[in-house]
Amino acid sequence: MAQENPPRDGEVARSAGGGVPQKLRRPEVYEARRARREMSLPEVLLWQRLKGSPQGIAFRKQHPIGSYRADFYCAAAKLVIEVDGMAHDMGDRPQRDTARNAWLAGAGYEIVRIAAADVLKNADEAAQRIVALAAAPLHRQPEEGWRSPSPQAGRIEE
């Protein structure tokens with residue numbers, strides 16, 4: 001029987017089924033990669049304006065955070081930007097968004113929700129406002145008795 005060579009530096013030992021061993025797989029990363037290829041029109045329009053580090057502020061698209069995925073994320077400000085379309089108002093989605101906001105806020109992230117219609121109406125203005133928020137100090141500690149805002153509470157509106 002032929003003896004298998006040990007993995008070289010930087011390589012991962014392959015499991016019997018081939019590929020990456022099950023314990024090293026990160027489904028949230030694969031899901032984020034898929035979501036980057038399938039972004040909605042408002043997300044694409046916003047990303048066209050946020051990529052390339054406007055004003056020196058870097059953003060990531062479809063970034064996994066815990067078991068969630070942010071539409072856009074600014075690590076320097078711990079700012080999560082969510083583009084909310086009509087689906088966010090249907091079924092159990094408002095409750096899921098509220099739970100998600102609570103988890104993210106508890107982990108120290110600032111959440112900004114922007115209506116997809118606002119991005120479609122004026123993507124340049126939406127991006128400018130997001131960059132301005134990311135450039136401002138956002139690190140506020142929750143007060144005693146603080147509750148997660150509703151999904152509509154952090155929306156950028158005119």
Side-chain angles (χ1 to χ4, degrees), residues 12 20-158:
V12 175
V20 178
Q22 185 67 31
K23 68 180 182 178
L24 297 180
R25 292 184 182 155
R26 294 187 49 209
E28 65 274 7
V29 172
Y30 295 112
E31 178 62 24
R33 288 176 182 163
R34 182 200 56 77
R36 289 179 195 128
R37 292 186 303 267
E38 300 174 4
M39 290 179 21
S40 68
L41 178 59
E43 291 171 339
V44 169
L45 292 172
L46 202 50
W47 179 243
Q48 288 173 340
R49 287 147 180 87
L50 294 177
K51 69 180 178 182
S53 302
Q55 296 181 20
I57 300 170
F59 291 91
R60 300 173 189 164
K61 63 181 178 176
Q62 303 299 331
H63 179 72
I65 301 173
S67 62
Y68 298 105
R69 185 181 64 249
D71 289 339
F72 301 99
Y73 175 64
C74 175
K78 283 193 85 169
L79 178 64
V80 172
I81 300 103
E82 288 300 312
V83 179
D84 288 349
M86 288 177 28
H88 285 267
D89 297 330
M90 298 180 182
D92 69 339
R93 194 63 186 259
Q95 293 84 7
R96 288 179 17 210
D97 285 346
T98 299
R100 179 180 187 272
N101 283 356
W103 186 90
L104 289 168
Y109 295 94
E110 183 79 20
I111 303 106
V112 173
R113 303 189 86 83
I114 182 167
D118 292 344
V119 176
L120 291 172
K121 189 181 345 175
N122 191 341
D124 290 327
E125 181 181 338
Q128 288 170 357
R129 293 178 76 182
I130 289 168
V131 171
L133 283 171
L138 296 173
H139 302 288
R140 295 183 287 269
Q141 294 298 319
E143 299 168 8
E144 193 67 33
W146 176 84
R147 292 181 178 263
S148 175
S150 71
Q152 280 70 26
R155 284 195 175 164
I156 297 175
E157 308 242 351
E158 292 186 26

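We use all heavy atoms of the structure for the numbers below, so side chains are in, but hydrogens, waters and symmetry mates are not.
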- Do E82 and N101 come close enough that some side-chain heavy atom pair is under 4.5 Å? no
- Query: How close do P42 and V119 get, heavy atom to heavy atom, and via which atoms?
  - Reply: O-CG1, 3.3 Å
- Query: Does E110 use its side chain to pair, donor to acceptor, with the backbone of K78 at less than 3.5 Å?
  - Reply: no
- Query: Any idea which heavy atoms bring R100 and Y68 closest together, and the distance?
  - Reply: CG-CD2, 3.5 Å
- Note on the structure: The reported gap from CG in L120 to CG in L41 (rounded to nearest 0.5 angstrom) is 5.5 Å
- Query: Out of curiosity, D124 CG to L45 CG, how far, rounded to the nearest 0.5 Å?
  - Reply: 9.5 Å
- Message: Tell me whether the rings of Y109 and W103 are parallel (<30°), tilted (30 to 60°) or perpendicular (>60°).
- Response: parallel
- Closest non-hydrogen atoms of K51 and Q48, given as atom of the first, atom of the second and distance, are CG-O, 4.0 Å
- Closest non-hydrogen atom pair, A134 against C74: CB-SG, 4.0 Å
- Any side-chain heavy-atom pair from Q62 and D71 closer than 4.5 angstrom? yes
- Message: Between F59 and I130, is there a side-chain heavy-atom distance shorter than 4.5 Å?
- Response: yes
- Query: Considering all heavy atoms of both residues, which atom of H63 and which atom of Y73 are nearest to each other, and what is their separation?
  - Reply: CD2-CD2, 3.4 Å
- Query: Under 4.5 Å between any side-chain heavy atoms of R129 and L133, yes or no?
  - Reply: no
- Query: Roughly how far, to the nearest 0.5 Å, is the CD1 atom of I114 from the CD atom of E125?
  - Reply: 8.5 Å
- Message: Testing the basics here: between A105 and I111, what is the closest heavy-atom pair and its distance to 0.1 Å?
- Response: N-CD1, 3.8 Å
